[in-house]
Amino acid sequence: KRSYDILVDEVKFPPEDIIFDPNVLTIGTGMEEHANYGIDFINATKTIKEQCPYVKISGGISNLSFGFRGVMKIRESIHSVFLQHCILESGMDVGIVNPHEMLALSEVEADVKVACDNLVFNKTEDATDVMLELTKRERARREALKNGPGAVEVKKVSWRDLGVIKRLEHALVNGISQYVVEDTEEARIDSERALHIIEGPLMDGMNIVGDLFGAGKMFLPQVIKSARVMKKAVAYLIPFMEKEKRDKMLADGLDPEDFDENDDSNFAGKVLMATVKGDVHDIGKNIVAVVLGCNNYKVYDIGVMCSCEKILEKAKEYNVDVIGLSGLITPSLDEMVVVAKEMSKGGFTQPLLIGGATTSKMHTAVKVSPNYFTVEHPVIHVLDASRSVTVVSSLLGENKVDYTTDIMEEYDEMREDYYAGLEDRYFLTFDQAKQQKLVIDFDAVPPAPAPKKLGVSLIEDVQLEDVVPYIDWNPFFQTWELRGRYPNRGYPKIFDDEAVGSEAKKLFNDAQELLKKIIADKSMNLKGVVGMFAANRTDDGEDVLVYSSEEDREAGKPLDKFCMIRQQAEKESDDPYLSQADFIAPAGYKDHIGMFAVSCFGCDALVQEYEAEHDDYNKIMSQALADRFVEAFAEYLHREMRTDTWGYATDESLNEEDLLKIKYVGIRPAPGYPSQPDHTEKSTMWNVIKAEQLAGIELSESLSMMPAASVSALVFAHPESCYFAVGQVGKDQVESYAKRKNMELSPCERWLSPILNYERD
């Protein structure tokens, strides 16, 4: 537009003589970021025509189908569909094509036309795969024509009829572990050395897996199954390789005891992975480790709750090429900043990767990268396992400088936008926010009736099968990075999705099989504590006092105090500025509050079992199921509180689907999450309900619950209570909050770091 304005307004160049030539880029590569190149060109052509009247648009059309080179009929069909839309709908004027290689749209076969339309407009996730199948069909047709009508049809054979090397490759690519030990032994007998099996068919198979996954033609569950085959084969070969090494060293007159067992020179690179201090969640990290391992990277997974000192010490010890940090809870974000600062002070040069559910590209760009990022050692946010191989290979490849420079420029721009946004964002003072709080008329809508019994109860008689109907399967598929496209995004509609439906169904069936086994052998079990207490908000309206009994309430002897945080970011509407304290009635009313902490025990032992069997697939499946069990337990327990033990919704008749849509009365927000983003309030809850003493549910130093499959919540019963996000808050509120908690300002700011609207000292 700027060049158009200069040419037309300043140079007085005739606009009808201007030709713009936007890039036509390749689609159908299997890479998600390329999928919209076709529709982007069509839209860009239309936009340029609208904003720059009378100009002409040209484009080099052959680039579009470059991924299908060698099969001209397919390429011509793609060009025909593309040009139809570019010319008639967007006004493209000039296309650079070979006129001898053009098909009229009417000449394109019906199924090919549909596939081309899906590919050009990125309508379906499997558009590339469908086109590849059509490409194979076209090649086969051409081959048949070449061979003539007398060609003999080749008899199809089972993969088990193939030679052992091809059988191993097939087993790896398809994740079939049934025959891996016997095939590996057969291959070993036929090979000069056991190592040749790993360096040959096993790595060849894993390279195919890596390429297919990188191109979006394999899904995460398939990759994990392939890794299971690889690990079982390698585990079988290790004793033979160790004997071969020992015999060779003895033959060479060397002492076998001097052999370096940590020799890792044959790997594509070495990556250290750790869940940061105070955090116990590692399912995502485990998945990334498997995916990297499938692509010949040596992964040193040093576990969970890793201190900064341990991370840096192990990085030096293993001499790794890349360091990856993972975390789920918000305090982990601050710990990642600490690690980045210490890496800078220590003169480290390894790239730093950031990942985990609570992390984001924005937080990485704004908070982490300024402490360490250079072109040599960047800080990069990795969204999920499918991106990890691309990131690591780019960092260790010959184009590293270009790759990291692009990311540095992107992060610089994101930081500028972030701080500019803060300048444009307005916040009420804490006093102003308090004046505009939610005011519930507790006379018109009184507090819920008193629970049947006040105090704390241990819950240990709920069985896994009791909570299965309450399982929400949507997060399960997200864990495995299987996502359907609208309208098949959620469970069970995901099974109907053209791209991922088949694999999602296989995964679900595997989950059901393991779920039944876990229930039958009781390898996991549920336990929790529930507390219900008399409660009133404090006189200033900002916190909630809890009492062990009505007598203690009348005597003014609180058991403890839960401190709350209020919204401060200015709103464009007249909506109130919420705090969870608003949902509890003031003194003079007989209000109550509930709370619980629940866990699924036994997962760690099961994980160790599967690790010993080199079975990453069932290891990760066990962790995913433990998460589903405990979330379902929380849903089950909350319903029991509403309908029975507290009994404020005795006539509730919601089915499980409605429960997952939160159609019930009341809420159960967790400390450390959007409605009360301070994890230190968990310490108050643990003190009140004795979660560790009664149920064995512990808190780490960063207040992550242990075991990892744990859920906690405060339970509010008033019908006007609702979920909300506090958002960012100002220093005036933080100072008040720290004072009310009897906490020094500096540690309070550290815990609240992700929501501060200012830079702490």
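Being a predicted model, the structure only gives us computed values, none of them experimental. The first residue of the sequence shown is numbered 1, and numbering continues consecutively from there.
- Side chains of Y419 and E759: a donor on one and an acceptor on the other come within 3.5 Å.
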(request) Might you work through the salt bridge (Lys or Arg N to Asp or Glu O under 4.0 Å) test for E335 and R750, ending with a clear yes or no? (result) CA-CA 10 Å; E335 187 61 27; R750 182 173 65 81; 5.9 Å; no
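- A distance-only check finds no donor-acceptor pair linking the side chain of S344 to the backbone of A340 [under 3.5 Å].
- Contact annotation: the side chain of T330 approaches that of H679 to within less than 4.5 Å [non-hydrogen atoms, C-beta and beyond].
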(message) One pair to check against side-chain hydrogen bond (donor to acceptor under 3.5 Å, both in side chains): E749 and Y758. What are the steps and the verdict?
(response) CA-CA 10 Å; E749 287 179 320; Y758 61 94; 2.6 Å; yes
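- Looking at every heavy atom in both residues, F348 comes nearest to K316 through CZ-CE, 3.5 Å.
- Contact check for M595 versus S712: no side-chain heavy atoms found under the 4.5 Å cut-off.
- The minimum heavy-atom distance linking A233 with L202 is given by the pair CB-CD1, 3.8 Å.
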(request) Mind running side chain to side chain contact (heavy atoms under 4.5 Å, CB included) on I494 and N488 for me, showing each step along the way? (result) CA-CA 5 Å; I494 191 172; N488 299 317; 5.7 Å; no
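- Ionic pairing of E613 and R228 is not present here: no N-O contact between side-chain nitrogen and carboxylate oxygen is shorter than 4.0 angstrom.
- Side-chain contact check for L333 versus S753: every heavy-atom pair is 4.5 Å or farther apart.
- Close placement of the F508 and Y491 rings is indicated, their centers lying within 6.0 Å of each other.
- I380 has its side chain within reach of L395: a pair of non-hydrogen atoms, C-beta onward, lies under 4.5 Å apart.
- The shortest side-chain heavy-atom distance between V734 and C748 falls under the 4.5 Å cut-off.
- Here the side chains of M305 and S704 are not in contact, with every heavy-atom distance at 4.5 Å or above.
- Residue H638 holds its NE2 atom at 10.0 Å from CD1 of I662, rounded to the nearest 0.5 Å.
- Between R668 and E635 there is a salt bridge, since a side-chain N of the basic residue sits under 4.0 Å from a carboxylate O of the acidic one.
- For Q693, the CD atom sits in a packed shell: over 12 heavy atoms of surrounding residues, nucleotides or ligands are nearer than 6.0 Å.
- A heavy-atom distance below 4.5 Å is not found between the side chains of E513 and N509.
- Judged by distance alone, the side chain of S702 and the main-chain N or O of K277 form a donor-acceptor pair under 3.5 Å.
- Around atom NZ of K741, more than 12 heavy atoms belonging to other residues, nucleotides or ligands sit under 6.0 Å away.
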(message) Determine whether V229 and I176 satisfy the following criterion, side chain to side chain contact (heavy atoms under 4.5 Å, CB included), listing intermediate values before the conclusion.
(response) CA-CA 7 Å; V229 177; I176 303 170; 5.5 Å; no
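- Of the candidates L515, I519, D521, D521 is the only one forming a side chain to side chain contact (heavy atoms under 4.5 Å, CB included) with K517.
- Here K314 pairs with E317 in a salt bridge; the nearest charged N to carboxylate O distance falls below 4.0 Å.
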(message) Could you walk me through whether V630 and V598 satisfy the side chain to side chain contact (heavy atoms under 4.5 Å, CB included) test, starting with their C-alpha distance in whole Å, then the side-chain angles of each, then the deciding distance to 0.1 Å, before giving a yes or no?
(response) CA-CA 7 Å; V630 76; V598 293; 4.0 Å; yes
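- Counting heavy atoms of neighbouring residues, nucleotides and ligands inside a 6.0 Å radius, atom CD of Q512 exceeds 12 of them.
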(message) Let's go through I697 and F601 carefully: what are the C-alpha distance in whole Å and the side-chain angles of both, what is the deciding distance for side chain to side chain contact (heavy atoms under 4.5 Å, CB included) to 0.1 Å, and is it a yes or a no?
(response) CA-CA 9 Å; I697 308 172; F601 291 86; 4.1 Å; yes
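- When all heavy atoms of D497 and A499 are compared, the closest pair comes out as OD2-N, 3.0 Å.
- Panel note: side chain D472, backbone N474; a donor-acceptor pair is recorded below 3.5 Å.
- Across all their heavy atoms, Y318 and K270 have their closest contact at O-NZ, 3.4 Å.
- One N or O on the side chain of S710 and one on the backbone of P707 form a donor-acceptor pair closer than 3.5 Å.
- For Y617, the ring pair (Phe, Tyr, Trp, His ring centres under 6.0 Å) partners two or more places apart in sequence, or in a different chain, are W480.
- The main-chain N or O of R483 is never found under 3.5 Å from a side-chain atom of Q478 such that the two would form a donor-acceptor pair.
- Here the straight-line distance linking atom NE2 of H381 with atom NZ of K361 works out to 9.0 Å at 0.5 Å rounding.
- Not a single donor-acceptor pair under 3.5 Å links the side chain of T275 to the backbone N or O of V304.
- Residues Y418 and M362 come closest through the heavy atom pair CB-SD, 4.0 Å.
- For the atom pair CG (D616) and CG (N286), the distance works out to 7.5 Å, reported to the nearest 0.5 Å.
- Ion pairing between a basic and an acidic side chain is recognised when a charged N comes within 4.0 Å of a carboxylate O; D279 and K285 show no such pairing.
- Taking the six-membered ring where tryptophan is involved, the planes of F633 and Y636 are tilted, since the angle between them lies from 30° to 60°.
- Remark: side-chain polar atoms of E376 are not paired, donor with acceptor, to backbone N or O of T349 under 3.5 angstrom.
- Within the model, atoms NE2 of H614 and NZ of K232 stand 7.5 Å from one another, a figure rounded to the nearest 0.5 Å.
- Residues M685 and P671 come closest through the heavy atom pair CE-CG, 3.6 Å.
- Distance check: I689 CD1 to T684 OG1 gives 11.0 Å after rounding to the nearest 0.5 Å.
- In this structure the side chain of V382 never reaches within 4.5 angstrom of the side chain of I354, judged on heavy atoms.
- At least one donor-acceptor pair closer than 3.5 Å links the side chain of Q676 to the backbone N or O of C563.
- The ring pair (Phe, Tyr, Trp, His ring centres under 6.0 Å) test with W473 is passed by exactly one of F477, Y470, F476: F476.
- Residue S326 holds its OG atom at 6.0 Å from CE of M336, rounded to the nearest 0.5 Å.
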